[in-house]
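Below, chain A is the first sequence line, B the second, and so on; all start at residue 1. Side chains are part of it too, since the values below use all heavy atoms of this structure and drop only hydrogens, waters and symmetry mates.
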Amino acid sequence: MISIRNLSYHIDGVAILDDITIDLPKGKVTALVGPNGAGKSTLLSLIARLEPLQCGTIDIGALTIGQCSNRQLAKQISILPQMTEHVPRLSVRELVSFGRFPYHQGRPGPEDEAKVDEALQVFDLDDLAQRSVVDLSGGQRQRAQIAMTFAQDTEYMLLDEPLNNLDIAASRALMARIRELAHSYNKTIVVVLHDINYASRYADWIIALSAGKTAAAGSPAEIVTPKLLGDVFKSDAEIRMIDGHPVVLV
Amino acid sequence: MPKRFWILGILLVICCTAFMTWGARGPLHFVIPFRATKLAALGLVGMSISTSTVLFQAVSQNRILSPSIMGFDALYIMILTAAVYFLGGMTVANLSAHLSFAVSTGVMVIGALGLFSTLLRSSQNNLMRMILTGIVFGALFRSLTDFMQRLIDPNEFSVIQTGSYARFTQIETDLLFIAAALCAGALFLTWKMRFRLDVLALGRDVAMNLGLNVRRTELEALTLTALLVAVTTALVGPVAFLGLLVVSLARLVVPVERHAPLLICAGLIAMIVLIGGQLLFERVFQLTTPLAVIIDLVGGSIFLFLLLKGHRR
């Protein structure tokens with residue numbers, strides 16, 4: 001479980017996150033939703049210790065951020081950052097191998113190679129393994145990067161807007177894979193999503209942020225309501241229940 | 001790829017052999033030690049300059065910068081001028097070689113660390129801002145240098161002038177051992193951190209995610225850069241574009257993004273360029289065209305080419 005207690009974060013005196021206290025359930029897919037500028041990505045970077053904590057505490061399982069070594073944390077939690085324009089000149093296999101760095105520090109052993117092979121297989125990258133990352137399509141590249149975080153073999157995985165630049169087929173395939181990871185590999189996955197319908201369809205738990213505060217937390221059926229859309233997203237879109245999942249008509 | 005390394009290695013051996021033997025007419029017991037020290041110095045400078053540029057590029061995460069482009073040469077000449085201005089030309093010229101080497105290396109390590117960390121901190125992930133800051137610093141150092149040079153005695157100015165150009169022909173050989181020891185240590189430490197450099201080059205967030213202690217690694221890499229650059233500059237004077245030139249060539253030869261082959265390849269190319277260049281300079285051009293001028297001309301053209309072609313990262 002990830003426990004966040006009294007977390008606040010300021011940039012130049014402006015509160016980005018304001019006294020957040022939440023628990024993210026273990027072994028489930030948790031979606032962070034909210035309007036632009038609600039602090040979703042900041043919250044994720046703080047959990048992933050990419051930014052230093054200013055105020056409050058974050059516990060990841062038995063580890064407390066700021067009180068254990070970076071390498072210890074890297075075996076416990078991994079993050080897929082938002083894709084940057086800079087694409088390394090590496091083959092897919094080399095990129096995925098970097099996921100093992102926290103374990104071998106540069107000299108991979110047979111166990112590391114096996115884990116890389118598994119990651120390539122789980123994410124259907126066998127055929128692309130020798131291709132350069134530069135030559136891949138956006139969806140394939142995204143898959144390669146997630147395979148790298150998978151190879152890192154951590155209990156907790158954080159994904160920052162993984163559906164950016166993906167078409168509908170790639171988005172659905174990715175979300176289905178994320179669910180599978182959580183439920184068959186018992187991983188705790190936190191994913192920042194823009195589209196509330198994806199959150200409603202694929203997440204087990206949704207946390208809605210609004211102006212740096214938690215607006216609501218619960219299962220999709222409890223959370224995705226006209227009231228939430230009005231309060232958090234300032235939208236009057238209609239909601240229908242289809243097969244037990246709330247669907248926002250856009 | 002190993003084949004390319006063999007070719008580079010053979011080229012280097014040819015250059016070294018030619019350097020040692022071409023036109024050797026004097027008594028061998030004089031010629032061989034004389035040329036061997038020069039050869040060793042050139043090799044050392046080549047390895048150090050290429051390594052410092054690879055380190056700097058890994059930390060700043062781009063491919064068109066080298067320590068000297070970011071204002072280091074200007075800093076060196078400013079320190080030299082300041083020494084002459086405050087201590088007087090005769091004092092500086094008469095200082096024992098070891099003392100002046102130790103002092104200038106020390107001052108430059110501190111100065112370079114200050115300069116580089118300011119540059120990196122002021123412009124995280126903003127290449128254009130970093131280049132601009134570097135240029136502004138360079139202009140500031142040059143203006144201060146100009147100002148001090150106007151105030152000093154014209155005779156003392158000659159002390160600065162000899163110091164502010166790269167001098168491959170007269171290398172202070174008695175300093176070579178100290179410089180070699182320092183550089184060898186720095187090169188060894190760089191080699192030890194080659195895997196961490198690979199991770200660092202993936203970007204700050206990814207490196208953090210992979211458990212790398214990013215701040216510490218950056219600081220270590222910058223300290224090694226500063227040490228290598230300071231030692232070589234104190235030994236032979238500023239060589240502006242050599243680092244960029246050889247590392248850009250090495251990136252063409254090594255198609256993968258690994259620092260182990262890159263460090264070796266850049267080092268080999270740097271030694272070939274320096275030793276081969278000095279050979280041509282001494283034997284073919286008969287000491288008429290300074291090597292540094294040619295290196296800067298070719299290196300400057302490559303820098304412009306890279307900028308225009310958009311190889312910013």
Comparing B:Val206, B:Val199, B:Val214 against chain A, the one with the most heavy-atom pairs below 4.5 Å turns out to be B:Val199

Using non-hydrogen atoms only, which part of A:Ile79 is less than 4.5 Å away from chain B: side chain, backbone, both, or neither?
-> both

Less than 4.0 Å between a side-chain N and a carboxylate O, is that true for A:Glu180 and A:Arg177?
-> no

Donor-acceptor contact below 3.5 Å, side chain A:Lys40 vs main chain A:Gly34 | yes

What is the ring orientation for A:Phe101 with A:His104, classed by angle as parallel under 30°, tilted 30 to 60°, or perpendicular over 60°?
-> perpendicular

Can any side-chain N or O of A:Tyr185 pair as donor or acceptor with the backbone N or O of A:Glu155 at less than 3.5 Å?
-> no

Evaluate whether atom NZ of A:Lys28 has more than 12 neighbouring non-hydrogen atoms of other residues, nucleotides or ligands under 6.0 angstrom away.
-> no

Answer with side chain, backbone, both or neither: which region of A:Leu158 has an atom nearer than 4.5 Å to a non-hydrogen atom of chain B?
-> neither

Whatever's closer than 4.5 Å to a heavy atom in chain B on A:Gln72 counts as neither

Would you mind telling me which of A:Gly106, A:Ala74, A:Gly99 has the largest number of heavy-atom pairs within less than 4.5 Å of chain B?
-> A:Gly106

Does B:Ser52 reach the main-chain N or O of B:Ile49 with its side chain, forming a donor-acceptor pair under 3.5 Å?
-> yes

Residues in residues 47-59 of chain A that sit under 4.5 Å from chain B, counting heavy atoms only | A:Arg49, A:Leu50

Decide yes or no on side chain to side chain donor-acceptor pair (under 3.5 Å) for A:Asn164 and A:His194, but give the supporting numbers first.
-> CA-CA 9 Å; A:Asn164 269 1; A:His194 239 92; 5.1 Å; no

List, one per line, each side-chain donor-acceptor pair under 3.5 Å for residues 185-194 of chain B, sequence neighbours excluded.
residue, atom, partner, partner atom, Å
B:Thr190, OG1, B:Ala186, O, 2.7
B:Arg194, NH1, B:Trp191, O, 2.8

Output yes when a side-chain donor or acceptor of A:Gln145 lies under 3.5 Å from a complementary backbone atom of A:Leu80, and no otherwise.
-> no

Interface residue of largest heavy-atom contact number with chain B, from A:Ser78, A:Ser91, A:Ser45, A:Ser132, under 4.5 Å | A:Ser78

